[in-house]
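Reading through the structure tokens given below for one structure.
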Amino acid sequence: MSAPRYSNVDPNALAKHFDSTEAEKRWDAHWQALGLHRWDESRGRDETFVVDTPPPTVSGSLHVGHVFSYTHTDVIVRQQRMRGKNVFYPMGWDDNGLPTERRVQNYFHVRCEPTEPYVADLVLEEASAAQKKERPRLVGRKNFIELCHQLTTVDEQAYRSLFTRLGLSVDWRQTYETINDRCRKQAQLSFLDLHAKGHAYLSFAPTMWDVDFQTAVAQAEVQDRPKQGHFHHIEFTVEGQPDTFVIATTRPELLPACVGVTAHPSDARYQHLFGKKALTPLFGVPVPIFPSELADPEKGSGILMVCTFGDQTDVLWWRSEKLALRQILGKTGRLEPLTFGNEAYPSADAAAANAAYAELVGKNTEQAKKAIVELLRNPGPTGRAPLVKEPEPVNQAVKYFEKGDRPLEFLSTRQWFARLIDKKAELLEKGREIHWHPEFMATRYRDWTENLGIDWCLSRQRYFGVPIPVWFPLDASGKTDFDHPILPTSEQLPVDPMADTAPGYQESQRGQPGGFVGETDIFDTWFTSSLTPQIGSHWLLDDERHQKLFPADIRPQSHEIIRTWAFYTIAKAMLHEDSVPWHDVVISGWILDPDRKKMSKSQGNVITPMHLFDEHGVDAVRYWAASARLGADTAFDPQVFKIGRRLTTKLFNAAKFVLGHQGEVGPITHELDRAFVQKLRELVEKASRSYDDYNFAQALQDTESFFWTHFTDTFLELAKPRAWRTADEGQKQYSEAERSSAIAALRLGLSVLLRLFAPVLPYITEEIWSWAFAAESGQPSIHRAS
RNA sequence: GGACGCGUAGCUCAGUUGGUAGAGCACCGCCUUCACACGGCGGGGGUCACAGGUUCGAGUCCUGUCGCGUCCACCA
């Protein structure tokens, strides 16, 4: 048995300082040559670690928040790889949705018009200022998608170079764009599966509608914003009675859409009115007065009008009381032409009602509000003005589309939904099967799921996105038969029903009586995003691969999209395969600027990340990111980069010392050395436990603290005399055994600490590893050393 | 209005099952000794948001209050 060989370095041959930029390039190339980050598809599920990477929205803007959260994932991934796991770490680009749609429209000065035919050889450049003054060019959906590819390819490159520079150990062979053929196919397969299982349905029902984007929106895309409104106190009369009462409303313009009046059943002021009919002022429309527990006697006058539709509660009352549908608002948010005195809009005085409505028609809600207030100032049937006093300001919370500028309206439109309300119990159960990091984030999922009010509205009336793969037959009179949708086979996907012919028909039959029409709507972008685990695993396209990659191990994401991305992903996995999509969710916090505000582009406080790498070194930036606990918001603090930098420098210098000693390395026999090794062992156990719990911040802190306190400040100084083995001025002369024990302990300590630091500081640790340990261990990269 | 998180040194943050308050930065002083001045050694600095409670003992557990943040909430 030959003595093990040990490699040394000549400290004088090494650079005085660690050149991080040069090392980053060198080791990136090394890892690429080794294929270090590649997923090995031949290995089984149990030895594989699968990441459901968040596909960033490709819009060309990158900020330090990306650096922060993606580093968290990479630290976890690198640790798993060192544990011997076969890592599947893909990258997706989310180029499906409104941000891309807007950017492409702007850049090329085009508009998507699904009815436009496809132009095979369309070549467009960035539009000039002069071109942008003209009308935008109309292009078909397929051309629009191609333009999207053209533009996002550039953006993807920018993202990739940032992520590469950051040292993300992504397997770049596993990339996808959410709008590419395969993802569109998988989204449409998902729909076919939901439809076949009865989870997807078509409904003509009131849904939340954005009048600017002119599309339906889902509950998850809605946010409340404070808004100042005005209470308008309006007097109603009662049919066949002398009674009157006053309602308070912030939306007087919906008076023509009033279909009922309600108050709390125990409200003594109004009990005598229940069962009677009220007559609306100006329009003289008789509407039922009914009691409802949902009416709050404390709000306004305690009695209110129900309109189609002022808000979500109106929808509830409309359903439960089977009230009439009088929809005055059109999809553009303006009051549509209609006639009072017919069955839908009955009136005691049709002529007066139509005259009043003529003042409102064509106006938007704000304009109509002003106009109707003026009308209500005129004397009514009682001889008094229905507007009994001047409007009073009131603060209210109003629902907006998260990307919209005007309040949402409730319109009755045709939409596709996925059934979720009746599956809350199962959804909650799946949420409990998943481990949330930090744990309290599970509450957000639970609360959202428990309070879900409406099914998932899947359809959007937009142009760019994944088309809903459905056609409808037209009957002999040319009327659309929505009850018998025509679906493609899975082999035909992806399809665009506006461009592709319905199965069993000729293209010439499009729009003709007895022919067909294509569904114009596209999917909610979350419909595709909620499939990222299945997109990674090639669900329904490659069964063997799917078995090896699904469910995934971790889903990294931020907390504000628990109700959307996490929720819908859980819902999809449950509906499709009755499975969880992943076992663990790791939630990164936000980066706050020094004033504790969230960094965002719109607030102009974004710090672009690239220069941080040049200035501090990638390892130092990663150190900053990894110092933050999962779920905790962190202030942007350049001071922490400096600490990270100091750590890499110290590692560099300590390694120079430890590995600079020539000669044999003996067994660890000295008492001091054995004590050190014992402490080292305890550190490894503790840090490993932390890493296993995805608590890398704790592992880093413990390792760092040990490194400074026990290694450099204490043990290294204690071991120095023996390592040098000098006998200056009467000092003790150490034996060869004492010397070689010290060297062995120092090398062991360094090698262990390097490996504990490696997930966070991949470059400096790889650099030092290469000096000696790579040759000794036969493992050319520390990132595979266990 | 509800839920969740946070509140510890001037700043950024740790504080495991309760057991005498910690680190780094910043500040002050000393030291160029052969891994490192991108260092080392030493020092000052805190009513642990506030008020009660449990306990021999509370930064830690319980209750309440205040402040900050996030998410949610039926627009009268």
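So that the names make sense, note that chain A is the first sequence line, chain B the second, and so on, each numbered from 1.
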Q. Can you tell which of G69(B), C71(B), G40(B) lies closest to the side chain of Trp590(A)?
A. C71(B)
Q | Euclidean distance for C1', A9(B) against A3(B) (whole angstrom) | A | 33 Å
Q.
I'd like to know if the side chain of Asp267(A) and the backbone of Ala263(A) have a donor-acceptor N/O pair within less than 3.5 Å.
A. no
(Q) Assuming nearest nucleotide by heavy-atom distance, tell me which of Ala654(A) and Trp448(A) is located more 5' along RNA chain B. (A) Ala654(A)
Q) Nearest-Å distance, CD (Glu767(A)) to P (C36(B))? A) 17 Å
Q) What is the pairing partner of G29(B), taking Watson-Crick or G-U wobble pairs with both distances under 3.5 Å in any strand? A) C41(B)
Q. Which is true for Ile247(A) with a 4.0 Å heavy-atom rule: it touches a base, it touches only sugar-phosphate, or it touches nothing?
A. nothing
Q: Mind checking Leu716(A) for me? I need base, sugar-phosphate or nothing, with any heavy atom below 4.0 Å counting as a touch.
A: base
Q) Looking at the side chain of His559(A), which of U12(B), C36(B), U70(B) is the nearest nucleotide? A) U70(B)
Q.
Just by distance, no angles: are the side chains of Ser588(A) and Ser558(A) close enough, under 3.5 Å, to form a donor-acceptor pair?
A. no
Q.
Please check if the number of heavy atoms outside His435(A) that lie under 6.0 Å from its NE2 is greater than 12.
A. no
Q: Determine the Euclidean distance between corresponding P atoms of A73(B) and G2(B); express it in Å to zero decimal places.
A: 15 Å
**Q.** Span that lies between the P atom of A37(B) and that of G19(B), in whole angstrom
**A.** 41 Å
Q: Would you indicate what Ala295(A) reaches in the nucleic acid, counting non-hydrogen atoms under 4.0 angstrom: base, sugar-phosphate, or nothing?
A: base
Q.
What is the separation between atom CD on Glu704(A) and atom P on G24(B), rounded to the nearest whole Å?
A. 10 Å
Q: Any pair with a residue in residues 390-401 of chain A that passes salt bridge (Lys or Arg N to Asp or Glu O under 4.0 Å), sequence neighbours left out, goes on the list, sorted by first then second residue, please.
A: Asp224(A)-Lys399(A), Arg377(A)-Glu390(A), Lys389(A)-Glu392(A)
**Q.** Any Lys650(A) side-chain N or O less than 4.0 Å from OP1/OP2 of C38(B)
**A.** no
Q) What is the pairing partner of G1(B), taking Watson-Crick or G-U wobble pairs with both distances under 3.5 Å in any strand? A) C72(B)
Q.
Given 3.5 Å as the limit, does a donor-acceptor pair link the side chain of Asn364(A) with the main chain of Gly333(A), or not?
A. no
Q) If we take the P atom in both C38(B) and A51(B), what is their distance in whole Å? A) 47 Å
Q: Report which part of the nucleic acid Gln698(A) touches: base, sugar-phosphate, or nothing (heavy-atom distance under 4.0 Å, all strands).
A: sugar-phosphate
**Q.** Lys227(A) NZ to A73(B) P, straight-line distance once rounded to whole Å
**A.** 18 Å
Q) With a 4.5 Å heavy-atom cut-off, do Phe706(A) and Phe715(A) have their side chains touching? A) no
Q: Provide, to the nearest angstrom, the distance between the CG atom belonging to Asn695(A) and the P atom belonging to G15(B).
A: 8 Å
Q.
Nearest to the side chain of Thr313(A), heavy atoms from C-beta on, is which of A35(B), C74(B), C25(B)?
A. C74(B)
Each nucleotide N or O in nucleotides 1-8 of chain B that has a protein N or O under 3.5 Å away: list the pair and distance.
residue, atom, partner, partner atom, Å
A3(B), O2', Asp447(A), OD2, 3.0

Q) With sugar-phosphate meaning primed atoms plus P, OP1 and OP2, does Ser627(A) contact a base, only sugar-phosphate, or nothing at under 4.0 Å between heavy atoms? A) nothing
(Q) Check this for me: does the side-chain of Glu717(A) come within 3.5 Å of the base of A35(B) through a donor and an acceptor? (A) yes
Q. Across the strands shown, which category fits Thr649(A) at heavy-atom distances under 4.0 angstrom: base, sugar-phosphate, nothing?
A. base
Q.
Taking any heavy-atom pair under 4.0 Å as a contact, classify Lys299(A): base, sugar-phosphate, or nothing.
A. base
Q. Side chains of Trp590(A) and Glu560(A): is there a donor and an acceptor less than 3.5 Å apart?
A. yes
**Q.** C34(B): pairing nucleotide in any strand, Watson-Crick or G-U under 3.5 angstrom
**A.** none
Q: Assess whether ring pair (Phe, Tyr, Trp, His ring centres under 6.0 Å) is satisfied between Phe309(A) and Phe410(A), documenting all intermediate values.
A: CA-CA 5 Å; Phe309(A) 296 94; Phe410(A) 281 81; 7.2 Å; no
(Q) Heavy atoms only, 4.0 Å cut-off, all strands: where does Leu408(A) land among base, sugar-phosphate and nothing? (A) base
Q | For atom CH2 of Trp708(A) and atom P of C36(B), their distance in whole Å | A | 14 Å
Q) Any donor-acceptor pair under 3.5 Å linking the side chain of Thr280(A) with the backbone of Val285(A)? A) yes
Q | Distance below 4.0 Å between Gln312(A) side-chain N/O and A73(B) OP1 or OP2 | A | no
Q: With C1' as the reference atom in both, quote the distance from G69(B) to C31(B) in angstrom, rounded to an integer.
A: 46 Å
Q) Under 3.5 Å, is there a donor-acceptor pair linking the side chains of Arg334(A) and Thr365(A)? A) no
**Q.** Watson-Crick or G-U wobble mate for G7(B), both contacts under 3.5 Å
**A.** C66(B)
Q | P spacing across the pair G53(B) / G59(B), given as an integer number of angstrom | A | 15 Å
Q) Asp702(A) and Gln698(A): side-chain donor and acceptor closer than 3.5 Å? A) yes
Q: May I ask you to say what Asp224(A) touches in the nucleic acid, namely base, sugar-phosphate or nothing, with a heavy-atom cut-off under 4.0 Å?
A: base
Q) When you measure from the side chain of Arg251(A), which nucleotide among C75(B), U12(B), C38(B) comes out closest? A) C75(B)
Q: Using atom CD of Gln639(A) as one end and atom P of A23(B) as the other, report the distance to the nearest whole Å.
A: 17 Å
(Q) Please report the distance, rounded to the nearest Å, between CG in Asp314(A) and C1' in C74(B). (A) 9 Å
Q) Roughly how many Å is it from CG in Leu647(A) to P in G39(B), rounded to a whole number? A) 11 Å
(Q) Taking C30(B) as the reference, what is the distance to A23(B) when you measure between their C1' atoms (whole Å, please)? (A) 22 Å
Q | P-based separation of G43(B) from C25(B) [nearest Å] | A | 15 Å
**Q.** C56(B): pairing nucleotide in any strand, Watson-Crick or G-U under 3.5 angstrom
**A.** G19(B)
